[in-house]
Number of protein chains: 2
Amino acid sequence: MTAQDHGARPSGGRQAQRAERRAAILEAAMELIAERGYRRTSLAAVAERAGLSQQGLLHHFPTKEHLLVAVLEARDRWDLASSAAAGPGSLGTDTLAQLVDYNATRPGIVQTYTVLSADSVTEDHPARAFFESRFRAVREAMAVALRAEFGESLPGGLTPERAAPLLVAVMDGLQLQWLLDPEQVDMPAAFRDFVALLAPATGRRGED
Amino acid sequence: MTAQDHGARPSGGRQAQRAERRAAILEAAMELIAERGYRRTSLAAVAERAGLSQQGLLHHFPTKEHLLVAVLEARDRWDLASSAAAGPGSLGTDTLAQLVDYNATRPGIVQTYTVLSADSVTEDHPARAFFESRFRAVREAMAVALRAEFGESLPGGLTPERAAPLLVAVMDGLQLQWLLDPEQVDMPAAFRDFVALLAPATGRRGED
DNA sequence: GTCTATAAATCGATAGAC
DNA sequence: GTCTATCGATTTATAGAC
C-alpha cells in the first residue's frame, strides 16, 4: 500500500496522471489564447495558470508550436462531440443552429477559434495547414449535408457546393461581430435568418 | 537658393515632406502587418522598409499603438474612396460586389483587415474600439442600402436590419476562406451567390 | 527631424540538480 | 516528472548628440 499505489487506482495511474496534467495545460492554454491571442500568450503564463512551472510544461509539450496544435485538435474534438451527440448522419441546418446556440454560451472557445483562424493566414504560421485542410473538409461536409436536406437546387439557382462556403462564412463572420458586440448582434437568431434564406419553401411571395 | 529651398517647391515643403514620410511609413506598416500580423511586426522592420531608423519612425508615431490606429484609418479611407468613386448615394449590392472584386486583387490589404479585426477581440486590444464602432456603422449603412434597393421585405421574411449583419458576415467570412485557400474559394463569385439569395425576384420556383 | 546608443522588459528554450 | 537557474535573442521605448 505504499510504492505500488501509483498504478493502483484507476484515476491515479501514471498514464491517467499524465493525461490530467496535459488536460489542465490545454485548458489553461485555450483560456489564455482566447483572452490574449496566440502570440501574446507566453508559456510561462500558461504554466502558471495550469499550476506548474514553465519547464514542467515544456516536458509535456516540447515547443510552443506543439502546444498550439494540441489546442486546435482539442477544440476540434469538442466540436465533434457536440455534433455526434445529435446522432450519426444527422448533420443538418437544425444541428448547426444548435451548435451556434451552444457557441453563444462559450465566448472563450469561440474567441480561441476566431483569433487563431485569422492569425493563421499570416506567413509561416504554425496553424496554417491545420486551418486550410479543416476549412476544406468543413465545406465538403456542409455541401453533403445541404444536398441531403434540400436536394440539388437551392434559392437563387445555387448548388449545395456553392452554398457551402457561404454557410461557413456566415458562421465565422457572425462570430466576429458577436464577439465584438454581443449586445447588438444576436448570433443564434442571425444564423437562423440565414438558414431561412436557404430553405427553398420560405419565400413570402404570393402570400399577400 | 540654399537655406530657403526647404520650403520652396510645392511638393518639397516641410508639411509635404512630413506627409510623404508618414505615408511611406504607413504603407510599409500595412505591408508588413499583412505579411506577418500586428504582433509579429516590429517597429524596426517597419522603419527599415520605410527607409529610416526605428527612432525616426517613433518621431512620427510615438508608440506602436498610434501607428496601428493610423493604419486602420488609412485602410478605411481607401475603402471609402472606392465606394465614393461609384457616386454618392449609390451604395448597393452591385457596388459591394465591385468592392469584393477589387479586394480579390489586393490580398495584402484584405489580410491586414482580417488579421487585425480578429485580433481586436482580445483583451485590451488597441484596435478594439475602432472595430466595434466600425462594425456598428457598417451594419447600419448596409441596412439603409438594402432598404433602398429591395424595400422592406426580403426573402425568408427578413428585414433589412436583420439581413445587414449577414451581409457583413459573408464578406468577412469569405475573406478568411479565400486568404487560406484562394484556389478553392472564388470570393467574388461566392459573394454574388449570396446577393442572389437576397434578391427577392431571383427564386426559380414556378419557372419550370 | 534623424541618428547612435542603450535601457528595461519579456520571450522561447536549454542545462542540470533532485 | 518537476524544479531552479540562466542563456541568448528580440521587443518597445527612452536619452541625448548632431
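Sequence lines set the chain letters: A, B, ... in the order given, protein chains first and strands last, and positions in each chain run from 1.
Residues forming a ring-ring contact (aromatic ring centres under 6.0 Å, His included) with B:F61 (at least two apart in sequence, or on another chain): none. With sequence neighbours excluded, the residues satisfying side chain to side chain contact (heavy atoms under 4.5 Å, CB included) with A:E183 are A:D181. Under the rule for a ring-ring contact (aromatic ring centres under 6.0 Å, His included), the partners of B:Y113 that lie at least two apart in sequence or sit in another chain are B:F131. Applying the side chain to side chain contact (heavy atoms under 4.5 Å, CB included) test to B:A118 and every residue at least two apart in sequence or in another chain returns A:T114, A:A118. Qualifying ring-ring contact (aromatic ring centres under 6.0 Å, His included) partners for A:H60, counting only residues two or more places apart in sequence or in other chains: none. Evaluation of the side chain to side chain contact (heavy atoms under 4.5 Å, CB included) rule for B:R40 yields A:R39, A:T122, B:R36 as partners, not counting sequence neighbours. Looking at residues two or more places apart in sequence or on another chain, you find a side chain to side chain contact (heavy atoms under 4.5 Å, CB included) between B:R49 and B:A28, B:E31, B:L32, B:E35.
Legend: ring pair (Phe, Tyr, Trp, His ring centres under 6.0 Å) pairs involving residues 162-189 of chain A, not counting sequence neighbours: none detected. Pairs of residues two or more places apart, or lying in two chains, that qualify as salt bridge (charged side-chain N to carboxylate O under 4.0 Å, His left out) and include a residue from residues 185-199 of chain A are A:D101-A:R192, A:D193-B:R162.
A donor-acceptor pair under 3.5 Å links the side-chain atoms of B:Q111 to the main chain of B:A34, judged by distance alone.
Within a heavy-atom distance below 4.0 Å of DNA chain D, the residues of residues 33-46 of chain B found are B:T41, B:S42, B:L43. Residues from residues 47-61 of chain B that place a heavy atom under 4.0 Å from any atom of DNA chain D, listed by number: B:Q54, B:Q55, B:L58.
The outermost nucleotides of DNA chain C lying under 4.0 Å from heavy atoms of chain A, listed 5' to 3', are C:dC11 to C:dA15.
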